[in-house]
Amino acid sequence: MNKLNFSLKIISFLIFSFVFFQTAEAQSRADRVLINEATRITKDDFSISTRTPKGARIFAVRQPNSKMLNAIDKGLADLFAIAGKNNYQKRLNYSDYTIFIAKADRTQDSSKNYSPDIAIGAAQYAGSVYDQGGFVYAAGMVLAYNPCAFVFAEHTKNFERVSDVVRFEGEHLVLYHNDRKLYNKTADHSKGGGHPILK
Ligand SMILES: [Zn+2]
């Protein structure tokens, strides 16, 4: 009897380890796909991996300071609050989000306001007012829906802008998972419309 119990324990331990290692392996594969996509779009190298105090995952070009990380948590908190108000329930955990902090490709907009932005291929914005000659400057950009991921630029001040960008990119992801119709209507800003979407 004891012998049988002992073997069962070993078997369940092996199954547990197998499942555990499978999951860890699958996660790092998904991470690699995501990091490759972020690198392709921004031409940046995301060598830093960390988490915000509330548990959102961060990949960054440089170690982000606590002001940056807290501003990200604040943006997600604002996002989850407005999503809850709209009775959305999916993807409202900090750990649901993977956020890339890229190098700023400019730090001032055309009106000389502090505006760290990333340059990305023009795609559907080609020929629009946003087109800078094959690329556009964006405050942020959604990278993936599963897991929820987006990228925006490093800030050294005006951290409330970080919270806004996080909340605004997050709106697209929350809508994708909770209200596909409104997501489709609001995802492409070259057809007009901006943020905030959720009120
Ligand atoms: Zn947007």
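Counting starts at 1 for both ligands and their atoms, in listed order.
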Identity of the N, O or S atom of H195 lying closest to the Zn ion (ligand 1): NE2
Proximal heteroatom of H189 relative to the Zn ion (ligand 1) (N/O/S): NE2
Residues D188 and S190: side-chain donor-acceptor under 3.5 angstrom: yes
Between D117 and S115: side-chain donor-acceptor atoms closer than 3.5 Å: yes
Polar contact flag, side-chain donor to acceptor under 3.5 angstrom, N113-R161: no
Test item: side-chain donor near acceptor, Y88 and D179, under 3.5 Å: yes
Closest H172 atom to the Zn ion (ligand 1) [N, O or S only]: NE2
